[in-house]
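Working notes, structure below.
Convention: sequence-line order gives letters A, B, ...; per-chain numbering from 1. For the numbers below, each heavy atom of this structure counts, side chains included, while hydrogens, waters and symmetry mates do not. Predicted model only: the values in this text are computed from it and were never measured.
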Protein chains: 2
Amino acid sequence: MTQSAKGALPTITDVANHAGVSRATTSRALSNYGVVNAATRARVLESAAELGYVPNVLARSMRAGSTHTLGLIIAEVGLSVFDLAMRSVIESARLEDYQVLVTNTNEDLRAERTSVRVMLEKQVDGLIVVPSSVDELEFLSKADLKGKPVTLLDRSLDSLGIASVTADNLQGTRDAVEHMQALGHTKIGLIVVTANLSGETGERPAGLITTIHDRVEGYYRAMADAGIDIDPAWVRYCGDADESATQAVNTILDAENPPTALIASNANMSLAVLRVAKKRGLVIGDDLSLVGFDDAPWAAVLTPALTVVDLPIEQMAKAAVDNLLAQIRNPDAEPTSVVLPTRLLIRDSVRDLSTA
Amino acid sequence: MTQSAKGALPTITDVANHAGVSRATTSRALSNYGVVNAATRARVLESAAELGYVPNVLARSMRAGSTHTLGLIIAEVGLSVFDLAMRSVIESARLEDYQVLVTNTNEDLRAERTSVRVMLEKQVDGLIVVPSSVDELEFLSKADLKGKPVTLLDRSLDSLGIASVTADNLQGTRDAVEHMQALGHTKIGLIVVTANLSGETGERPAGLITTIHDRVEGYYRAMADAGIDIDPAWVRYCGDADESATQAVNTILDAENPPTALIASNANMSLAVLRVAKKRGLVIGDDLSLVGFDDAPWAAVLTPALTVVDLPIEQMAKAAVDNLLAQIRNPDAEPTSVVLPTRLLIRDSVRDLSTA
DNA sequence: AGTTGCAATGAGATCGATCTCAACAATAAG
DNA sequence: CTTATTGTTGAGATCGATCTCATTGCAACT
């Protein structure tokens, strides 16, 4: 039999036999490495084409010790930012000739762990991770990763010396607060999302992921810098379930001295504010001002169009891929952290109180 | 040296040496296949744990001829439906213990081709594809796929005998039209998106992807069944660029006898209608009625909330994975086509003309 | 004691490609 | 005519795990 079992893909041995040369020569001809007689090469290429030969990259990878595959683990899910991040990472990797093995784990820490393990077993060359929490990340330590490089996306974790790409959320919230202040607002509220919180609370929970932590921190600092005393009732923390968020917004609006403007710490929180406002008959940009995070495709279409702090997701994803590839190509280099600027997109959801 | 080169992952040979048994026995102990003495197994497991052994699935796959990896190729991009589809496929696969290698190709046919090739080279066990076009799909033929099974998602292609999972778009549009008619509308327009069209036109282009084709077809049939003569000016075809869509909506609204209600053939078209309406000062659900496709997270939050034909994306994705796995597990079975029902989510964007 | 049966293990082939090294032929140089 | 050089090729090892098959040791039975 010229070719192995029926239905099986032709191997390099089949091509070699068909062309009447050895496997070694065939390999040289196909991979364009080493010297091969021009006529021989032509014959081999012809045989390969005729048999419909498709190289088995698994075998090559095993020999080479590299798979040209990256692992992408996204813990949080259901937000357009992360969908976009996922796509952008895949696209950026493709342009560098890397494929991406993707897992999303919906904030299940155990799934996150096993995902890392599965990816290591599949011999990815490196990992891009958006973890659900900053605690208990020891499974991303050097030892547990068997030396494979990681880059965190939209999260940082300086303590472990892990590379990361984030946006400047601190400045982002600052911009939002200052924009509101410039339009005459002083009573500015903040609604903060945080995983694994079922209800809502005014207490700042420990272990906020860095992204959210920085947004909260930026708020407090900007308010302090402006000399505004924050009424504790203006700030609420809630889980990411719709009801939890809705309730938090209600609590804020029911306060004795409610804020005139709200900052929503992510797109889901913006939606929650919009939902509550709609239900209460409050007109955004008039009765209640709002600045959101993440420029989702619908933000500009709302009436009024939503002012948002936009994150450069695509650039972040590309930076993460570049960062990871840099680590892969130069394993001895120190992991680096990249922080990209956010951009305040001013639209119509913050009312100008100064002219009123 | 007990262990191979520094930095390299320990192999089964390392574990075998450490435990003082052969590779064969180690393999048996670790994979729980075949008989091994209980004490020996314990010793092997202990050694594996001590060395931090992570199996090299590449090697196993090469031997087994199966990688437990599916390929997902999504041509269209930038719509929340496909983001959700991507996530759902990954999630469904994970529950079946399969990983997913993802590519998105942004409607570039060449990229689509090379993606298929790359996935075959990486020895995926099967492919789920959302192609950008129904023409020129010969690269998805049995021969070109080397016998690997495929399932099309949100597209069908009965001519080639390829398995597929789609939604009942025909009935979906029908439901939309009938809903509008029930509320007194007869002048119903349709705005259709189609790839690689730069401007907009009233002519029905050839080679519409099945999804869109069925939506158009459903519209014509429902109108015919209701005995309504369609003014050609009510139907416009456009590309998926924002300007192209915007222009198409404008053309429809500028018609001599403009429709009172519009059906948008996908979420981007809905956004286009909303944009134009906003610019013209038309209030949706009052001056102009609208039904969209795909229940994006923002649809319900709009004022008025958008009535949409909802596709069961998550079920479709799961069905696609199931369908593909069925083909993988039973290669001789005939490829099947699955059609899932859509659901009309009635909200407030269609005005009731009958009471006016 | 001799034979059979069974449990436990190891030696070696195998998957498909790559890479090292040696072999060989043809040509050039001495 | 011999030796060195260059160009071209093939044999065989290798990557890491699995699987087949043969071997060993020990207990049980006649």
Nearest-nucleotide comparison on DNA chain D, the residue closer to the 5′ end among B:Ala59 and B:Ala24: B:Ala59
Keeping the roles fixed (side chain from A:Arg43, backbone from A:Ala19), state whether a donor-acceptor pair exists under 3.5 Å. yes
From CD of B:Gln123 over to C1' of C:dG16, roughly how many Å is that when rounded to an integer? 9 Å
Are any protein N/O atoms closer than 3.5 Å to N/O atoms in nucleotides 5-9 of chain C? If there are, list each pair with its distance.
unit_1: C:dT9; atom_1: OP1; unit_2: B:Thr40; atom_2: OG1; d: 2.5
unit_1: C:dT9; atom_1: OP2; unit_2: B:Asn37; atom_2: N; d: 3.0
unit_1: C:dT9; atom_1: OP2; unit_2: B:Thr40; atom_2: OG1; d: 3.4

Starting at atom CE of A:Met62, determine the distance to atom C1' of C:dT18, rounded to an integer number of angstrom. 11 Å
Would the distance check show the side chain of B:Thr210 and the main-chain N or O of B:Ser156 forming a donor-acceptor pair, the cut-off being under 3.5 Å? yes
Counting N and O atoms only, with roles assigned by atom type, does the side chain of A:Ser337 sit under 3.5 Å from a partner on the main chain of A:Ala163, one being a donor and the other an acceptor? no
Flag, side chain of A:Lys122 to backbone of A:Thr67, donor-acceptor distance under 3.5 Å: no
So, is B:Ser27 close to the D:dT18 phosphate, meaning a side-chain N or O under 4.0 Å from OP1 or OP2? yes
State whether the side chain of B:Asn323 and the backbone N or O of B:Thr336 hold a donor-acceptor pair below 3.5 Å, judged by distance alone. yes
Return the value, rounded to whole Å, for the distance between atom CG of A:Leu120 and atom P of D:dA17. 14 Å
Which heavy atom of B:Ile209 sits nearest a heavy atom of B:Ser132, and at what distance? CG2-O, 3.4 Å
When you check the phosphate oxygens OP1 and OP2 of C:dA17, does a side-chain N or O of A:Tyr33 lie under 4.0 Å from one of them? no
Using the side-chain heavy atoms of A:Arg23, tell me which of these nucleotides is nearest: C:dG16, D:dC19, C:dA17. C:dA17
Rounded to whole angstrom units, what separation is found between the CG atom of B:Asp14 and the C1' atom of D:dC15? 13 Å
Using whole Å, report how far CG of A:Leu58 lies from C1' of D:dC15. 12 Å
Interatomic distance, A:Leu51 CG vs C:dA17 P [rounded to whole Å]: 12 Å
A:Arg28: which of A:Val21, A:Val36, A:Val35 passes side chain to side chain contact (heavy atoms under 4.5 Å, CB included): A:Val36
Just call it for B:Arg63: base, sugar-phosphate, or nothing, with non-hydrogen atoms closer than 4.0 Å on any strand. base
Of the nucleotides C:dT18, C:dG16, D:dG16, which one has an atom closest to the side chain of A:Asn56? C:dG16
Send over the distance from B:Arg60 CZ to D:dC19 C1', rounded to a whole Å. 13 Å
When rounded to whole Å, the CG to P distance for the pair B:Asn32 and D:dT18 reads 12 Å
